[in-house]
Amino acid sequence: MSGAVRVSASLLAADFANLGDEVARLEEAGCDELHFDVMDGDFVPNITFGADVLAAVRHLTKLPVDVHMMVTEPGRFAAQFAAAGADTFTVHAEACSNLAGTLTDVAEAGMRPGISINPSTEANAVTRYTSTVDRFLIMSVEPGFGGQSLMPETLPKIKVIRAAGTGRTLDIAVDGGVKVENAASVIEAGADTLISGTGLFKFPDGMAEAVRQIKSP
Ligand code: DX5
Ligand code: ZN
């Protein structure tokens, strides 16, 4: 592991009635990025929010936003999310009938393309894309819900992807159940971007302390 660890805050755990205050709180706490979980009720058994909500959030902060598309054929929405201000657009390998084509659409829309994989998907299924994307997002829970426990058996995929990287600077993010208690193991496994929802919003000593301890566990 080299360089600094980034904390990306999952808005799924925020109070949606007070999103403005929640984003300000995350910014003050030292989060480096916002993580915006889009669910379609098809790829995952749950529905969240879309590009209009992102556009509203975009006006509240300068923090970069990673849109995590838990959506079947997410390329359909690339232009819409780019217009709403997404910086990174992360699609599930399992949700795309033409992953290469989708990644091209994302880049052409002006966003950084990312690939996410479910716990049951092997790293080898996506290592051929290490020179085309800016981010890999390893799901450490089954996508669809916040507040689950991290599955440690997903973490060895990070090293497989890192080893396949061809000199391009790649973010490798871990998403699902990341918190102060397991941050050391996630960083040790090679991740540089730790996505956390419940682990930030529900940390007993406050969000700033959670961010500090996740960055330096
Ligand atoms: C799960 C989402 C995650 C999740 C993270 O489907 O992709 O981003 O909300 O939340 P916690 O940290 O609560 O697991
Ligand atoms: Zn997510």
Side-chain angles (χ1 to χ4, degrees), residues 5-16 19 22-23 25-26 29 31-51 53-54 57 63-72 74 77 81 86-95 111-121 133-155 157-158 171-187 191-204 207 209-211 213-215 217:
V5 170
R6 274 184 296 268
V7 172
S8 184
S10 169
L11 287 180
L12 199 55
D15 173 3
F16 295 158
L19 261 190
E22 294 288 66
V23 169
R25 209 150 73 88
L26 290 166
C31 294
D32 303 286
E33 183 186 77
L34 297 181
H35 181 80
F36 193 82
D37 285 308
V38 181
M39 303 185 189
D40 69 348
D42 182 52
F43 180 67
V44 290
N46 206 356
I47 297 177
T48 54
F49 31 62
V53 176
L54 176 62
V57 167
L63 285 178
V65 179
D66 175 29
V67 175
H68 179 194
M69 292 295 281
M70 287 161 279
V71 171
T72 303
F77 303 104
F81 277 91
D87 298 282
T88 307
F89 191 80
T90 300
V91 302
H92 268 266
E94 306 86 359
M111 299 177 289
R112 302 167 74 236
I115 297 177
S116 180
I117 52 173
N118 283 341
S120 60
T121 302
V133 301
D134 294 293
R135 166 164 299 184
F136 281 90
L137 187 160
I138 310 297
M139 285 306 299
S140 42
V141 299
E142 292 300 337
F145 303 92
Q148 305 180 74
S149 298
L150 178 138
M151 300 161 66
E153 64 272 28
T154 58
L155 300 179
K157 293 184 209 178
I158 299 168
D171 302 349
I172 304 189
V174 170
D175 186 16
V178 174
K179 47 186 64 167
V180 165
E181 291 77 2
N182 55 32
S185 66
V186 176
I187 295 167
D192 51 39
T193 305
L194 275 61
I195 298 165
S196 180
T198 315
L200 297 179
F201 285 91
K202 298 264 160 68
F203 192 62
M207 200 178 274
E209 191 54 25
V211 173
Q213 291 190 35
I214 288 175
K215 287 188 184 187

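Atoms within a ligand are numbered from 1 in the order they appear, just like the ligands themselves. Hydrogens, waters and symmetry mates are skipped; everything else that's a heavy atom, side chains included, is used. This structure is a prediction, so every number in the text was calculated from the model and none was measured.
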Below 4.0 Å, non-hydrogen atoms only: which portion of T198 touches ligand 1? Side chain, backbone, both or neither. both

Among all protein non-hydrogen atoms, which one is nearest to atom 2 (C) of ligand 1, and what is the separation to 0.1 Å? D37 OD1, 3.5 Å

Minimum heavy-atom separation for L194 and A183, please, with both atom names. CD2-CB, 3.9 Å

Enumerated ligand 1 atoms positioned under 4.0 Å from heavy atoms of G147: 11 (P), 13 (O), 14 (O)

N or O contact, G197 vs ligand 1, cut-off under 3.5 Å: yes

Taking it one step at a time, do M70 and D37 satisfy side chain to side chain contact (heavy atoms under 4.5 Å, CB included)? CA-CA 7 Å; M70 287 161 279; D37 285 308; 3.2 Å; yes

If I compare all heavy atoms of S8 with all of T193, which pair ends up nearest, and what's the gap? CB-CG2, 4.1 Å

Taking C-beta and beyond as the side chain, do P119 and E142 meet within less than 4.5 Å on heavy atoms? yes

The Zn ion (ligand 2) - name of the N/O/S atom of H68 that sits closest to it: ND1

Is there side-chain contact between S116 and D175, with at least one heavy-atom pair below 4.5 Å? no

Could you tell me whether V141 and ligand 1 have an N or O pair separated by under 3.5 Å? no

Proximal heteroatom of D175 relative to the Zn ion (ligand 2) (N/O/S): OD2

Going through the distances and angles, do K157 and F136 end up as a side chain to side chain contact (heavy atoms under 4.5 Å, CB included)? CA-CA 10 Å; K157 293 184 209 178; F136 281 90; over 6 Å; no

Give the residue and atom name of whichever protein heavy atom lies nearest to atom 9 (O) of ligand 1, and the separation in Å to one decimal. L12 CD2, 3.0 Å

Quick one: are M139 and T154 in side-chain contact, heavy atoms under 4.5 Å? no

For a quick test of reading the model, state the closest non-hydrogen atom pair linking A9 to L200 and the distance between them. CB-CD1, 3.6 Å

Please tell me if the side chains of D171 and R6 come closer than 4.5 Å, counting only heavy atoms from C-beta onward. yes

S10: heavy atom below 4.0 Å from ligand 1, yes or no? yes

Using a plain distance cutoff, I'd like to know if H68 has any nitrogen or oxygen under 3.5 Å from a nitrogen or oxygen of ligand 1. yes

Tell me which N, O or S atom from D37 is the closest to the Zn ion (ligand 2). OD1

Which heavy atom in D40 sits nearest to a heavy atom in D42, and how many Å separate them? OD1-N, 2.8 Å

Looking only at protein heavy atoms, identify the closest one to atom 1 (C) of ligand 1 and say how far it is in Å. F145 O, 3.5 Å

shortest atom 6 (O) of ligand 1-to-protein heavy-atom contact is with G144 N, 2.8 Å

Quick test: of every protein heavy atom, which one is nearest to atom 14 (O) of ligand 1, and how far off is it to 0.1 Å? G177 N, 2.8 Å

N or O pair under 3.5 Å between H35 and ligand 1: yes

Would you mind telling me if ligand 1 is within reach of the side chain of K179, the backbone, both or neither, using heavy atoms under 4.0 Å? neither

So which N/O/S atom does H35 have closest to the Zn ion (ligand 2)? NE2

If you have a sec, work out which protein heavy atom is nearest atom 3 (C) of ligand 1 and how many Å separate them, to one decimal? D175 OD1, 3.0 Å

Ligand 1 to S196, heavy atom cutoff 4.0 Å, flagged ligand atoms 12 (O)

